[in-house]
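Only one structure is covered here, and it is reproduced in the block below.
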Protein chains: 2
Amino acid sequence: MPRKRQADQVDAAILQRLVADPDVTNLAIAASTGLARNTVRARLDRYTAEGALRSFERRIDPAFLGYPLRAYVVTRVTQRKLDRVGAALATVPEVLEVHGLTGVSDLLVHVVARDADDLYRITGHILSIDGVKRTNTGLVMRELVGYRIAQLIDPPQRTAKNTMQNSPPTTL
Amino acid sequence: MPRKRQADQVDAAILQRLVADPDVTNLAIAASTGLARNTVRARLDRYTAEGALRSFERRIDPAFLGYPLRAYVVTRVTQRKLDRVGAALATVPEVLEVHGLTGVSDLLVHVVARDADDLYRITGHILSIDGVKRTNTGLVMRELVGYRIAQLIDPPQRTAKNTMQNSPPTTL
DNA sequence: ACCTAAACTAAGCAGGATGCTCACCTGAAC
DNA sequence: GTTCAGGTGAGCATCCTGCTTAGTTTAGGT
């Protein structure tokens, strides 16, 4: 299998533009990066093909769907039953994500809930899963640093020489 | 301030369509939901205005940027210095997210790293922040349930009666 | 029952963006 | 030197976009 490609400066420039304006057109990206439209298109296609761009679901705020509460449930599991517990958790709608952590049998379960009662019910349900030994629920009270990744994108080196194709005298 | 709006069935239909195909056009959404193009447009504008759609950054895979390792660092903090610690964490590029959890002084710090050494350095740095009393690092080994939220979107009730505007005989 | 405001619908229009294809060029790998 | 992947520039038909205007529906408030 092909070794995973890693973002180069061109990718960085494109991604930064996308972060700044998710609805930016390919042409505008091409203009602001100095790339040809075809190149931008090829890159963008590659991102999805390579999995560099994750699901759109990540952009949907759970609160908008009626789940304003978030919690992380640290779950200690009987090691042999780890997969079965994972499968059981997958059937719980309020479980958004489950990660296996170092420390043989710890799971980090990311859940959302409609309200406190709802959360109580959900954590109770998790605890009732066969193989779950102990849970420790941490409700998210505050977002000290909101999700961000822009700071990890290398700044572009390329001078936007703005050689355009098919494009009007766009004001940059 | 206006009370936060919550997704209705129309929103559900639109969001489901977007999850299925993030690059779907407004017109296609209008066609498949039976809404007018203007309505779809108004909704989509509202999503960003209301914050129902979160940053595009969430869709970028950190691995693609050269950070294949994820870890959650549970950080115990001197309560009075909580904000200061938050600010200090915000200056660390590898810190993607910081949440304050229930239990007065616990922070959940979501970090990424280039490799194990890198992670060691980062957690060491976090521990060195004034006000941090203790840290407990859980490296993500496995993704038992990948992030998903589609299951929380109410299924659409509306019959796609397909009244279109400006649109060709699209095959549904 | 009435009124109002918000939301949706319908239509039209100009400007361009899109997706695609082809030909050519370049640099790196073998 | 050949090959191949990736970038470029151009052209083209389709149709999407953003915006505006105007009429209609719906829900809430009094």
Side-chain angles (χ1 to χ4, degrees), chain A residues 1-15 17-18 20-50 52-53 56 64 154 156-172, chain B residues 1-15 17-18 20-50 52-53 56 64 154 156-172:
Chain A
M1 68 171 206
R3 184 169 66 272
K4 262 202 179 172
R5 197 174 72 88
Q6 217 177 88
D8 58 17
Q9 284 158 9
V10 174
D11 296 314
I14 295 176
L15 289 177
R17 195 76 168 77
L18 273 171
D21 176 11
D23 295 327
V24 74
T25 64
N26 286 2
L27 253 166
I29 296 176
S32 68
T33 54
L35 297 167
R37 181 165 77 94
N38 276 349
T39 309
V40 174
R41 184 158 218 298
R43 295 271 179 163
L44 274 109
D45 284 347
R46 249 188 349 196
Y47 297 158
T48 45
E50 292 169 342
L53 279 189
F56 181 84
F64 180 63
D154 292 326
Q157 314 281 358
R158 183 178 273 261
T159 52
K161 60 195 174 81
N162 202 23
T163 52
M164 285 178 275
Q165 164 199 26
N166 292 348
S167 52
T170 313
T171 51
L172 283 186
Chain B
M1 66 173 208
R3 184 169 67 272
K4 262 202 180 172
R5 198 174 69 90
Q6 218 176 89
D8 58 17
Q9 284 159 8
V10 173
D11 296 314
I14 295 176
L15 289 177
R17 195 75 169 77
L18 273 171
D21 175 13
D23 295 327
V24 73
T25 63
N26 286 1
L27 252 165
I29 296 176
S32 68
T33 54
L35 297 167
R37 181 164 78 92
N38 278 349
T39 309
V40 174
R41 183 157 218 300
R43 295 270 179 165
L44 275 113
D45 284 348
R46 245 183 357 192
Y47 297 159
T48 44
E50 292 170 343
L53 280 189
F56 181 85
F64 181 62
D154 291 326
Q157 314 281 0
R158 183 179 272 259
T159 51
K161 60 193 175 83
N162 202 23
T163 53
M164 284 178 274
Q165 164 197 27
N166 292 347
S167 53
T170 312
T171 53
L172 282 186

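Heavy-atom basis, side chains included; hydrogens, waters and symmetry copies ignored. Protein chains get the first letters and strands the later ones, always in sequence-line order, with residue 1 at the start of each.
Applying the ring pair (Phe, Tyr, Trp, His ring centres under 6.0 Å) definition to pairs two or more places apart or across chains, none involves residues 20-41 of chain B. Applying the ring pair (Phe, Tyr, Trp, His ring centres under 6.0 Å) test to every pair with at least one member in residues 24-45 of chain B, sequence neighbours left out, gives no pairs at all.
In this structure, CZ in A:R43 is found 10.0 Å from CG in A:L15, a value given to the nearest 0.5 Å. The line from CG of B:L44 to OG1 of B:T39 is 11.0 Å long, rounded to the nearest 0.5 Å. Atom CD1 in B:I14 sits 9.0 Å away from atom CZ in B:R46 (nearest 0.5 Å). Put simply, CG on A:N26 and CD1 on A:I29 are 5.5 Å apart, with the number rounded to the nearest 0.5 Å.
The distance between atom CG of A:N26 and atom P of D:dC16, rounded to the nearest whole Å, is 16 Å. For the pair B:L44 CG and D:dC16 P, the interatomic distance rounds to 15 Å; values are reported in whole Å. Per the geometry, CG belonging to B:L27 stands 19 Å off P belonging to C:dG16, to the nearest Å. Atom CG of A:D45 is separated from atom P of D:dG7 by 12 Å (rounded to the nearest Å). Note: CD (A:Q9) to P (D:dG6) measures 17 Å, nearest angstrom. In this structure, A:D23 atom CG and D:dC19 atom P are separated by 12 Å, rounded to whole Å. Residue B:N38 contributes atom CG, which lies 11 Å from atom C1' of D:dA22 at whole-angstrom precision. Look at CG on B:L35: it is 14 Å from C1' on D:dT25, rounded to the nearest Å.
In the helix from C:dA1-D:dT30 to C:dC30-D:dG1, the terminal helix axes, each the rotation mapping four pairs' C1' atoms onto the next four within five end pairs, subtend 60°, rounded to 10°.
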Can you check nucleotides 4-7 of chain C for protein contacts, nitrogen or oxygen pairs under 3.5 Å, and list what you find?
residue : atom : partner : partner atom : Å
C:dA7   : OP1  : B:R46   : NH1          : 3.3

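A:T33 and A:A13 make their closest contact through CG2-CB, 3.8 Å (heavy atoms, listed as atom of the first residue, atom of the second, distance).
Minimum atom distance to the side chain of A:R37 is reached by D:dC12, of the listed D:dC16, D:dC12, D:dT20.
Residue B:R41 places at least one side-chain N or O under 4.0 Å from the OP1 or OP2 atom of D:dG18.
Applying the side chain to side chain contact (heavy atoms under 4.5 Å, CB included) criterion to B:T48, with sequence neighbours excluded, gives B:L53. Shown here are the salt bridge (charged side-chain N to carboxylate O under 4.0 Å, His left out) partners of B:D45, two or more places apart in sequence or in another chain: B:R41.
The 5' end of DNA chain D is approached more closely, in terms of each residue's nearest nucleotide, by A:V40 than by the other of B:T25 and A:V40.
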